[in-house]
Amino acid sequence: MSPPHPKTAVAPQRGAVIVISAPSGTGKSTLIRRLLRTVSGLTFSVSHTTRPPRPGERDGREYFFVGRAEFRRLIRAGEFVEWARVFGHYYGTSRRQIEQAQAQGRDVVLDIDVQGHRQVRRSLPDAVSIFILPPSYSELERRLRRRHSEEPQVIARRLAAARREVRCWKEYDYLVVNDSLDRAARALRVIVEATRYRRQSQQPRIQAIRKTFVGGKTEWKCHRASTASFASF
Ligand code: 5GP
């Protein structure tokens with residue numbers, strides 16, 4: 001009897017949660033946009049925020065823009081996997097969006113700060129996290145000045161936050177230094193692609209393969225009896 005056609009036997013993979021954090025001015029948004037454009041099967045998690053939209057931002061694309069009362073209601077309803085106050089505004093990640101994407105076998109990218117990452121880590125221990133760093137403090141300062149040329153107090157606030165945030169680099173799985181946009185974009189792609197080969201991401205696929213080995217039997221364990229030891233030399 002011939003085995004079932006592999007295509008029908010293969011179940012879709014379970015999508016991963018990929019957290020990306022970086023101090024403001026590091027190029028994170030540009031890198032995430034590139035990542036979404038160049039890697040298929042990715043969904044961007046659109047956060048809710050109480051911050052007013054910036055010119056060019058559209059409700060439901062960059063963020064869902066909500067008032068404080070609505071944000072409070074969402075917290076109480078348990079709609080957020082995590083939420084935090086960043087630069088005086090509230091931001092929260094929708095639990096439903098993550099679950100929907102994962103169920104469809106899509107990886108979900110979360111652009112959140114270090115406080116948010118800490119909370120995600122606790123509730124979703126399988127999440128993969130990436131911290132993007134500028135090549136140096138002075139380079140970050142230069143980039144922020146170029147971006148916020150008329151607002152010295154904004155620059156000062158963002159630099160102070162950056163000093164606090166970079167200290168948290170050890171909490172992340174991967175570090176990417178954005179010294180060249182192309183190199184950093186490539187690093188993000190490689191990390192996301194490697195994530196798809198993790199054991200945790202391949203459970204449904206392994207189950208399908210398992211059935212071809214052991215059929216209906218439940219036993220499929222690794223036997224450790226043959227482990228060699230120094231004593232046997
Ligand atoms: P911005 O207002 O400039 O778009 O974002 C400010 C900061 O808030 C960024 O560091 C961004 O990563 C973070 N952020 C955006 N969405 C969320 C979220 O849902 N949760 C948390 N904790 N941080 C977020």
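Position 1 is the first residue of the sequence, and the numbers go up from there. Ligands are counted one by one from 1 in listed order, and the atoms in each one are counted from 1 as well.
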Original post:
Which word best sums up how the rings of F71 and W83 line up, parallel for under 30°, tilted for 30 to 60°, or perpendicular for over 60°?
Top reply: perpendicular
With backbone taken as N, CA, C and O and side chain as the heavy atoms from C-beta onward, which portion of [X] lies under 4.0 Å from ligand 1: side chain, backbone, both, or neither?
{"X": "K28", "result": "side chain"}
{"X": "E62", "result": "neither"}
{"X": "V86", "result": "side chain"}
{"X": "Y63", "result": "side chain"}
{"X": "H48", "result": "neither"}

**OP:** May I ask you to establish whether R158 and F87 are in a cation-pi arrangement, using a distance under 6.0 Å from NZ or CZ to the six-membered ring centre and at most 45° from the ring axis?
**Re:** yes
Subject >> Carboxylate-amine/guanidinium proximity below 4.0 Å for R96 and E79 >> reply: yes
Original post:
Taking 4.0 angstrom as the limit, do R189 and E193 come out as a salt bridge?
Top reply: no
Original post:
Judged by atom type as modelled, is there a donor-acceptor pair below 3.5 Å linking the side chain of E165 to the main-chain atoms of D113?
Top reply: no
Original post:
For the side chain of R121 and the backbone of A127, is there at least one donor-acceptor N/O pair under 3.5 Å apart?
Top reply: yes
**OP:** With atom 3 (O) of ligand 1 as the reference point, say which of R118, H117, R54 has the nearest heavy atom.
**Re:** R54
Could you list which atoms of ligand 1 come closer than 4.0 Å to a heavy atom of [X]?
{"X": "A84", "result": "22 (N)"}
{"X": "G116", "result": "22 (N)"}
{"X": "G92", "result": "18 (C), 19 (O)"}

Nearest protein heavy atom with distance in Å, relative to [atom]:
{"atom": "atom 22 (N) of ligand 1", "value": "D113 OD1, 2.8 Å"}
{"atom": "atom 19 (O) of ligand 1", "value": "S47 OG, 2.6 Å"}
{"atom": "atom 17 (C) of ligand 1", "value": "Y91 CB, 3.4 Å"}
{"atom": "atom 14 (N) of ligand 1", "value": "D111 O, 3.6 Å"}

**OP:** Compute the ring centroids of H48 and Y91, then answer whether they are less than 6.0 Å apart.
**Re:** no
**OP:** Might you confirm whether atom CZ of R196 has over 12 heavy atoms from other residues, nucleotides or ligands at distances under 6.0 Å?
**Re:** yes
**OP:** Indicate the atoms forming the closest heavy-atom contact of P23 with V166, along with that distance.
**Re:** CG-CG1, 3.9 Å
Original post:
Does ligand 1 have an atom that lies less than 4.0 angstrom from a heavy atom of E82?
Top reply: yes
